[in-house]
Amino acid sequence: MSARGLTHIYYGNGKGKTTAALGLAMRASGCGKKVVIVQFLKDWKCGEQESLALLQNITVFGNKASGGGFVKDMTAEGKLALTANHNDNLKAARNLVEQGGCDLLILDEAIDAYQLGVLDAALFEDILENKPEQLELIITGHMPDEKLLEHADYVTQMLKHKHPYDKGIMARRGIEF
């Protein structure tokens with residue numbers, strides 16, 4: 001990575017947003033870069049977490065407090081706990097960035113957490129707007145607003161043409177998660 005870090009947004013309803021971000025994490029780790037990944041809205045043990053634990057220089061912050069399910073189905077207490085966990089994780093990641101412990105920051109599903117109101121909007125926007133020049137920043141999610149897109153150097157849309165979920169086929173461990 002050069003002295004100037006760029007901002008990437010991988011978005012859309014198609015499969016591959018997290019996969020693309022994690023491919024970049026793997027590449028950066030292999031080149032000795034320090035990678036920090038914050039996963040939003042995911043409260044299950046994903047296969048990538050087990051693989052990432054085997055790689056050097058990668059720190060992952062995941063959810064511990066969501067209680068499962070979709071945000072729309074959560075209780076008020078569940079949403080508060082999820083929001084607190086998201087904010088704590090993002091603050092911890094920001095601290096690593098500020099201390100020089102991060103070359104590549106991945107905010108996985110941050111677009112959705114931001115839009116669903118389970119992430120402190122001011123904190124998220126501050127990271128986006130005041131990103132250190134050398135930091136490479138990757139943000140994933142479904143539909144970024146214009147404010148997010150304006151900050152991006154790369155914008156890649158994952159477009160769904162077909163998806164097994166539409167036929168009632170649920171996500172499979174090792175393939176979709």
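Starting from 1, each residue takes its place in the sequence as its number. Everything numeric here is computed off the predicted structure, so don't read it as measured data.
Ile139 has its side chain within reach of Leu128: a pair of non-hydrogen atoms, C-beta onward, lies under 4.5 Å apart. Looking at Lys42 and Glu109, their side chains come closer than 4.5 Å, going by heavy atoms from C-beta outward. The shortest distance between side-chain heavy atoms of Val36 and Ile106 does not fall below 4.5 Å. A 4.5 Å side-chain heavy-atom check between Tyr11 and Val155 finds at least one atom pair inside the cut-off. By the 4.5 Å heavy-atom criterion applied to side chains, Asn57 and Lys33 are not counted as neighbours. The side-chain heavy atoms of Val97 and Leu135, taken from C-beta on, include a pair separated by under 4.5 Å.
Among all heavy-atom pairs drawn from Leu55 and Ser29, the shortest one is CB-OG, 4.0 Å. Smallest separation of non-hydrogen atoms from Ala93 and Leu105: CB-CD1, 4.0 Å. Contact detail for Ile138 and Ala21: the closest heavy-atom pair is CG2-CB, 3.7 Å. Closest approach of Thr83 and Leu119 over heavy atoms only: CG2-N, 4.2 Å. Taking all atoms of both residues into account, the shortest heavy-atom contact from Ile37 to Ala25 is CD1-CB, 4.2 Å. When every heavy atom of Gly78 is checked against every heavy atom of Thr75, the shortest pair comes out as N-OG1, 2.9 Å.
The number of heavy-atom neighbours closer than 6.0 Å to CD of Glu98, taken from other residues, nucleotides and ligands shown, is above 12.
Between the side chains of Asp108 and Thr18, at least one donor-acceptor pair of N or O atoms lies under 3.5 Å. Checked by atom type, the side-chain pair Thr59/Lys34 shows no donor-acceptor distance below 3.5 Å.
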Evaluate side chain to side chain contact (heavy atoms under 4.5 Å, CB included) for Leu90 paired with Asp120, printing each intermediate quantity in order.
CA-CA 9 Å; Leu90 191 53; Asp120 183 306; over 6 Å; no

Output, in order, the C-alpha distance, side-chain angles, deciding distance and verdict of side chain to side chain contact (heavy atoms under 4.5 Å, CB included) for Leu22 and Leu24.
CA-CA 5 Å; Leu22 296 181; Leu24 191 50; over 6 Å; no

Tell me, with the steps shown, if Lys160 and Lys15 meet side chain to side chain contact (heavy atoms under 4.5 Å, CB included).
CA-CA 7 Å; Lys160 176 185 93 163; Lys15 182 178 177 344; over 6 Å; no

For Leu137 and His8: C-alpha separation, side-chain torsions, deciding distance, then whether side chain to side chain contact (heavy atoms under 4.5 Å, CB included) applies.
CA-CA 6 Å; Leu137 177 62; His8 310 232; over 6 Å; no

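The distance from the OG1 atom of Thr140 to the CD1 atom of Ile9 is 10.0 Å, given to the nearest 0.5 Å. Separation of atoms CG (Asp103) and CG (Leu96) is listed at 11.0 Å; rounding is to 0.5 Å. Rounding to the nearest 0.5 Å gives a distance of 12.5 Å between CE of Met26 and CD of Glu48. Distance check: Ile58 CD1 to Leu52 CG gives 5.0 Å after rounding to the nearest 0.5 Å. In this structure, the separation between OG1 on Thr7 and CD1 on Ile127 is 11.5 Å, given to the nearest 0.5 Å. From Leu104, atom CG reaches atom SG of Cys31 across 11.0 Å, with rounding to the nearest 0.5 Å.
A single hydrophobic cluster is seen to contain both Leu149 and Leu107, as judged by linkage of ILVMFWY side chains at heavy-atom distances under 4.5 Å, directly or through other members.
Annotation for Tyr165: hydrophobic cluster partners, listed by chain and number, are Met170 (ILVMFWY side-chain heavy atoms under 4.5 Å, direct or chained). Ile169 belongs to no hydrophobic cluster with other residues, because no ILVMFWY side-chain heavy atom falls under 4.5 Å from its own, directly or through intermediates.
Residue pairs that meet the side-chain hydrogen bond (donor to acceptor under 3.5 Å, both in side chains) test with at least one member in residues 141-153, sequence neighbours left out, are Asp112-His142, Glu125-Lys147. Listed by first and then second residue, the side-chain hydrogen bond (donor to acceptor under 3.5 Å, both in side chains) pairs that reach into residues 86-97 are Asn63-His86, sequence neighbours excluded.
With sequence neighbours left out, Ala20 forms a side chain to side chain contact (heavy atoms under 4.5 Å, CB included) with Tyr10, Met158. Applying the ring-ring contact (aromatic ring centres under 6.0 Å, His included) rule to Phe124 yields the partners Tyr114; only residues at least two apart in sequence or on another chain are considered.
A donor-acceptor pair under 3.5 Å links the side-chain atoms of Gln115 to the main chain of Met143, judged by distance alone. Not one N or O on the side chain of Glu133 forms a donor-acceptor pair closer than 3.5 Å with the backbone of Arg4. Proximity of a side-chain donor or acceptor of Lys17 to a complementary backbone N or O of Gly14 within less than 3.5 Å is detected.
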